[in-house]
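Within every chain, numbering begins at 1; the chains are lettered A, B, ... in the order of the sequence lines, protein sequences first and strands thereafter.
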Amino acid sequence: MTGYTLYNIGNPSDARYSPKLPGHCKPSKYMPELPEVETVVRTLCPLLVGKRISGVRLERSDILTPTGTDLAGHLLLRTVADISRRGKRIVITLDDGNRFYVHLGMTGRLTFETCDRPIEKHTHLILEVREKEVESAVPFQVRFRDPRRFGGVWWLGRDLSPDDGMGPEPLSLRVSRLKRQLATTGRSIKTALLDQTLIAGLGNIYVDESLFAARIHPLVPANRLTDLQIATLNRAIKGILRKAINHRGSTLRDYRDANGESGGFQLRHKVYDRAGKPCRLCKGEIQRIILGGRSTHYCPNCQAEI
DNA sequence: GTCCATGTTCTTTA
DNA sequence: CTAAAGAACATGGA
């Protein structure tokens, strides 16, 4: 049985596939915004859909909401029918119609691995999956690991919806809807775009990049944008997200997705994490300010104040 | 020891 | 009352 190469789970010569040695485990910085979550969903989909869940290990019960849900009872011997994304949520649908979602928070990872790989610290949930119809099929594991535990697993069942509390999806957002959403608040456009109830999926990186692409200053009140600015912003958000997804997300340091591949969009960041560096358009100096408690990067020259 | 970090939610303030 | 600002959550890297 050649399960390793069959499922293309990564290059065995990659450091990730060697046993971890003390001091040899490099730190990784994971950036789970919409493009990274989309990349995880796309890589997991062909590996997981159609497989049967043959084992469930919840190492930390407090990452599960509602606490005390009988996850093993619900998942064991069920088949994964679908994996999709809603905002930053990874939604998994079972063959009996029950659903749950995983949120990666700041440091969460959802990976597909062989069972013999060492289990890293802060691994909170392990699902063992096998090919459905094959007798004695090689088992694999889906592991949820999250050092800071801002992420977790939410059980939805058949009645709750992953749309709950989520604004519209930016990739299919009409200008009229964006205008209606932004009209509801006088907060800065930067803060408004981070609000998942107004628009789903954007995080600190892609808000900064989108505002730069639209040449809008982050401090402009959301409800004071002109119609032209809103139309430009809508196009900018879609363009930035599409490009980031095409590059499999943004990787700083040595992040790899579930297939062992890194993202590449960080090389195309125009403002994020570039404070003090020259603007790629005008050569002016990229500024960094704190807005809503988060670092915010922009070019004062390209992004005019109001 | 210090400061900083991708996200969300609860609490405090205006 | 509501909207907005701020703190909190937990861990690890620089």
Side-chain angles (χ1 to χ4, degrees), chain A residues 20 22-40 59-67 85-90 101-110 120-124 144-154 162 164-167 170 181-210 218-224 240-241 244-245 247-257 262-263 265-266 269 271-276 288-297:
Chain A
K20 191 173 83 177
H24 287 238
C25 184
K26 286 186 177 178
S28 75
K29 212 168 176 183
Y30 192 71
M31 322 295 287
E33 300 183 32
L34 187 152
E36 293 75 27
V37 174
E38 180 68 27
T39 302
V40 170
E59 303 283 353
R60 269 200 82 113
S61 55
D62 60 350
I63 58 119
L64 178 62
T65 306
T67 316
R85 179 193 58 74
R86 180 67 172 90
K88 299 170 191 168
R89 297 170 177 175
I90 299 167
Y101 72 84
V102 176
H103 196 295
L104 299 175
M106 300 262 267
T107 54
R109 279 184 171 199
L110 197 61
E120 292 185 87
K121 197 178 172 184
H122 305 302
T123 299
H124 306 311
F144 172 65
R145 175 176 181 262
D146 183 13
R148 283 171 80 174
R149 303 205 301 284
F150 289 172
V153 176
W154 278 259
D164 191 51
M166 301 296 273
Q181 296 297 89
L182 296 182
T184 63
T185 181
R187 291 132 86 205
S188 69
I189 184 63
K190 158 83 182 201
T191 311
L193 291 177
L194 284 174
D195 185 338
Q196 303 297 299
T197 68
L198 288 181
I199 178 170
L202 296 179
N204 212 27
I205 294 172
Y206 296 109
V207 167
D208 283 4
E209 293 299 319
S210 298
L219 278 170
V220 178
N223 58 10
R224 295 246 274 273
I240 291 287
L241 292 179
I245 291 169
H247 287 89
R248 307 177 66 85
S250 297
T251 295
L252 302 187
R253 305 187 187 286
D254 60 349
Y255 155 73
R256 301 292 186 277
D257 71 15
S262 56
F265 192 68
Q266 69 285 353
H269 288 174
V271 288
Y272 184 81
D273 207 21
R274 296 195 68 247
R288 176 179 177 273
I289 58 173
I290 301 298
L291 247 180
R294 326 202 66 87
S295 62
T296 297
H297 315 76

OP1 or OP2 of B/dT8 versus the side-chain N and O atoms of A/Lys88: is any pair under 4.0 Å? yes
May I have the distance from A/Asp208 (atom CG) to B/dT6 (atom C1'), rounded to whole angstrom? 12 Å
The correct set of residues in residues 192-204 of chain A placing a heavy atom under 4.0 Å from DNA chain B is A/Gln196, A/Gly203, A/Asn204
Counting only side-chain N and O atoms of A/Ser295, is one of them less than 4.0 Å from OP1 or OP2 of B/dC4? no
Separation of B/dT6 P from A/Leu34 CG (nearest whole Å): 17 Å
Side chains of A/His124 and A/Arg145: closer than 4.5 Å at any heavy-atom pair? no
B/dT8 phosphate, OP1 or OP2, under 4.0 Å from A/Arg149 side-chain N/O: no
Can you find a pair of side-chain heavy atoms, one from A/Arg149 and one from A/Ile63, that are under 4.5 Å apart? yes
Starting from Watson-Crick (N1-N3 plus N6-O4 or O6-N4) and G-U wobble pairs under 3.5 Å, report the runs of at least three that DNA chain B belongs to. B:2-5 with C:11-14, B:7-14 with C:2-9
Looking only at heavy atoms, which two atoms of A/Leu194 and A/Arg294 are closest? And how far apart? CD1-CD, 3.5 Å
Closest non-hydrogen atoms of A/Ala192 and A/Leu182, given as atom of the first, atom of the second and distance, are CB-CD2, 4.5 Å
Among B/dC4, B/dT6, C/dG12, find the nucleotide with the atom closest to the side chain of A/Thr107. B/dT6
Rounded to whole angstrom units, what separation is found between the CZ atom of A/Arg89 and the C1' atom of B/dG7? 12 Å
The answer to which of A/Thr184 and A/Arg60 contacts DNA chain C further toward the 5' end, by nearest nucleotide, is A/Thr184
Taking CZ from A/Arg187 and C1' from B/dA14, how many angstroms apart are they, rounded to a whole number? 15 Å
Atom CZ of A/Arg109 to atom P of B/dG7: distance rounded to whole Å? 17 Å
A/Ile205: which of A/His269, A/His297, A/Glu36 passes side chain to side chain contact (heavy atoms under 4.5 Å, CB included): A/His269
Give a yes/no answer on whether the side chain of A/His103 brings an N or O atom under 4.0 Å of OP1 or OP2 in B/dG7. no
Is there ring stacking between A/Phe150 and B/dT8, where the centres must be under 5.5 angstrom apart and the planes under 30 degrees? no
From B/dG7, C/dG12, B/dT6, pick the nucleotide closest to the side chain of A/Tyr272? B/dT6
Side chain to side chain, A/Thr184 and A/Leu198, heavy atoms closer than 4.5 Å: yes
When the C1' atoms of C/dA4 and B/dT6 are compared, how many Å lie between them, rounded to an integer? 23 Å
Taking the P atom in each of C/dC1 and B/dT9, what is the distance between them to the nearest angstrom? 23 Å
Base, sugar-phosphate, or nothing: which does A/Gly293 touch, judged by heavy atoms less than 4.0 Å apart? nothing
I'd like to check A/Asn204 versus A/Ser295 (side-chain heavy atoms, cut-off strictly below 4.5 Å). Are they in contact? yes
Euclidean distance, atom CZ of residue A/Arg294 to atom P of B/dA5 [Å, nearest integer]: 8 Å
Classify A/Gly186 by what it touches in the nucleic acid, base, sugar-phosphate, or nothing, heavy-atom distance under 4.0 Å. sugar-phosphate
Backbone of A/Thr123 reached by a side-chain donor or acceptor of A/Glu59 within 3.5 Å: no
N-O pairing of A/Lys190 and A/Asp208 below 4.0 Å: yes
Taking atom P of C/dA4 as reference, at what distance in whole Å does atom CG of A/Leu182 sit? 13 Å
What is the distance, to the nearest angstrom, from the NE2 atom on A/His124 to the C1' atom on C/dT11? 10 Å
Mind checking whether A/His103 and A/Trp154 have parallel, tilted or perpendicular rings, split at 30° and 60°? perpendicular
